[in-house]
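Only one structure is covered here, and it is reproduced in the block below.
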Amino acid sequence: ALPAASADEAALRAAFASAMRAPLGGPLGGGDIGAAVSAAAPPLVDAGENETCGCPPGNVSDCCCSFADLEEANDRTAHDLLKQLVATPFFSHFRVNLCSTCGLWKDTPLCTLRDCGVCECPEPPAWVASDTASDAPGASAPLGGPPGAAECTEEASQVSPSIVPSFAVKADSWDPSGSTGAGADEYVVVDLRENPERFTGYAGESAARVWDEVHSRNCFQAGSESGGDACAEQRLYNRLISGIHSSISLHIAHTYCLARGQPAWTCAKWGTNAAVAHDRVLKHPDRVENLYVAFAVLLRAVVKAGPAVSAAVPLSDPAFAESLRAWQQELLPELVRFEHACPRTFAEEELFAQPDGGELWTQVQGRLQHLAEVMKCVGCDRCKLWGTLQTQGLAAALKVLFQQPAAGPDSHVALSRQEAVALVHTLERLSSSLRYLREFRGGQ
């Protein structure tokens, strides 16, 4: 059991409850998620920085901890362990339909780099063909590409998925019910280690329309469904979307194509782009804070989902023994230890607890379903892969935090294999973004 709350923690909880019940003060829209949520969130304590971490001072609004607390948890515990965990066989493979069609509008995507495509595995992992294999072979980096990236041929550069062939027919390992639904044969399993999230050159009307749909229609607008100001639950959803958007922008800026090669759809030089990081994230205090909010919420969800994540890893498959050991013996105990050492990062019991909580939860679920449809409209396979993964990771986090388990309040919400992988990977994406944020701050 957690230790009794201190006076400081009780004060934080009270402040959290007061902040979360405050209405959203103005309309949300204008095609800019940063501007949209700035009215929704209480302001930062001040515009200065914490001397120890370079992060903003004070507590993260809508959360139960400070910026420095989250930086310390990430720097000392979460980041390195998460990076190790997502490189293990179970957590490095994700099932996705790259051939999904956009049902919201007619799309004409434009990609300018071969990195828009999902690269084919140089060699399928040995454990795909044999249940007795213990690990997957490594892959060499392509000429001119960042470490860990796989080589794509010109012919395979656009739509060639990193398929693990035998996984395509093992649908029951991804969905507990064993049901694959319509079009299940279009799904492939991608090795995420071979397809890192980075700059792809995806731009133009297609990309702009996707983000506009997220900003202006997926996020809650004041008065859109409740008839008045958006409430705490709606505001939190908006802030999570903003935080994930900030994270995506930082990953793009951290691994950016600085010089095109020959032919022009190749990249001759990869590196960091501080100008992109500053323009898209750092100069917007609300976007920076929302990144911390998203990290705090996902961190709380991953800790709470500990047993569910463990249960999603097949115990009978020796190929995943290392994945399970890294999760159960290394990452999860450290995250729980952090939770015991300071106030919880997020107090989920304060939300969806009002008489209209059920209706609000239905609204949020509807938004998540719409967001999944928006991801089908992404015209870049690599972007669709990571957008779909983080959409499912967000959905899994909110399910863990707010959905009542079928077996009763004292039981745990069950997660499918797909949900467990997406949840852990989304936290790792946010964790890496906090590291990148610190790096870019240091270069200002």
Side-chain angles (χ1 to χ4, degrees), residues 86-87 89-102 107 109-122 124-125 136 139 142 145-146 148-152 156-165 167-168 174 183-203 206-207 210-211 214 241 244-245 247-252 254-257 267 368 371-396 416-430 432-433:
V86 298
F90 177 84
F91 291 101
S92 61
H93 290 82
F94 183 74
R95 184 171 179 259
V96 64
N97 181 2
L98 296 172
C99 299
S100 59
T101 57
C102 179
D107 192 35
L110 174 65
C111 286
T112 62
L113 279 181
R114 67 179 180 182
D115 298 275
C116 242
V118 173
C119 302
E120 185 138 0
C121 286
E151 177 64 59
C152 291
S157 63
Q158 292 305 310
V159 295
S160 180
S162 172
I163 301 174
V164 181
F167 269 24
W174 299 92
D185 56 343
E186 297 179 351
Y187 282 81
V188 295
V189 175
V190 174
D191 187 337
L192 298 169
R193 296 168 296 186
E194 309 299 339
N195 296 278
E197 184 180 20
R198 62 184 181 189
F199 175 80
T200 64
Y202 179 48
S206 175
V210 167
W211 281 120
V214 172
I241 296 295
I244 291 175
H245 189 174
S247 177
I248 292 170
S249 296
L250 289 170
H251 279 274
I252 290 171
H254 192 264
T255 312
Y256 201 88
C257 182
C267 183
L368 290 168
L371 188 61
E373 290 299 311
V374 174
M375 291 303 106
K376 295 180 181 179
C377 298
V378 176
C380 155
D381 282 351
R382 184 77 63 95
C383 312
K384 179 182 287 188
L385 166 65
W386 286 103
T388 300
L389 181 146
Q390 290 173 82
T391 295
Q392 292 188 16
L394 173 62
S416 69
R417 174 181 186 163
Q418 184 85 339
E419 289 173 318
V421 171
L423 175 63
V424 171
H425 248 289
T426 303
L427 177 61
E428 184 277 325
R429 296 287 82 193
L430 295 164
S432 291
S433 293

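All values reported here derive from a predicted model rather than from experimental measurement. For reference, positions follow the sequence shown, starting with 1.
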Are side-chain heavy atoms of [X] and [Y] found at a separation under 4.5 Å?
X: T255; Y: P196; answer: no
X: F94; Y: N195; answer: no
X: T426; Y: L394; answer: no
X: H245; Y: W211; answer: yes
X: L389; Y: L192; answer: yes
X: D381; Y: L385; answer: no

Identify the residue among H425, Q390, H254 that makes a side chain to side chain donor-acceptor pair (under 3.5 Å) with E197.
->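 Of the listed options, the one satisfying the test is Q390.
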Does R193 use its side chain to pair, donor to acceptor, with the backbone of H93 at less than 3.5 Å?
->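 No, because the side chain of R193 does not come within donor-acceptor range (under 3.5 Å) of the backbone of H93.
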Could you tell me whether the side chain of W386 and the main chain of R198 form a donor-acceptor pair under 3.5 Å?
->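 Side chain of W386 to backbone of R198: no pair is present.
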Identify the two heavy atoms, one from [X] and one from [Y], that lie closest to each other, and give their separation to 0.1 Å.
X: G379; Y: S206; value: N-OG, 4.1 Å
X: L250; Y: S433; value: CD1-O, 3.7 Å
X: F91; Y: V424; value: CE2-CG2, 3.8 Å

Is the closest side-chain donor-acceptor distance between T388 and Q392 under 3.5 Å?
->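 No, Q392 and T388 have no side-chain donor paired with an acceptor closer than 3.5 Å.
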Could you give me the CA-CA distance, side-chain angles and deciding distance for V210 and Y202, then say whether side-chain contact (heavy atoms from CB on, under 4.5 Å) is met?
-> CA-CA 11 Å; V210 167; Y202 179 48; 4.1 Å; yes
Atom pair [atom1]/[atom2] of [X] and [Y] - distance to nearest 0.5 Å:
X: R417; Y: E419; atom1: CZ; atom2: CD; value: 13.5 Å
X: I244; Y: T391; atom1: CD1; atom2: OG1; value: 7.0 Å
X: H251; Y: L430; atom1: NE2; atom2: CG; value: 7.5 Å

Relative to the ring of F199, is the ring of Y256 parallel (under 30°), tilted (30 to 60°) or perpendicular (over 60°)?
->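 Geometry flag for F199 against Y256: tilted rings.
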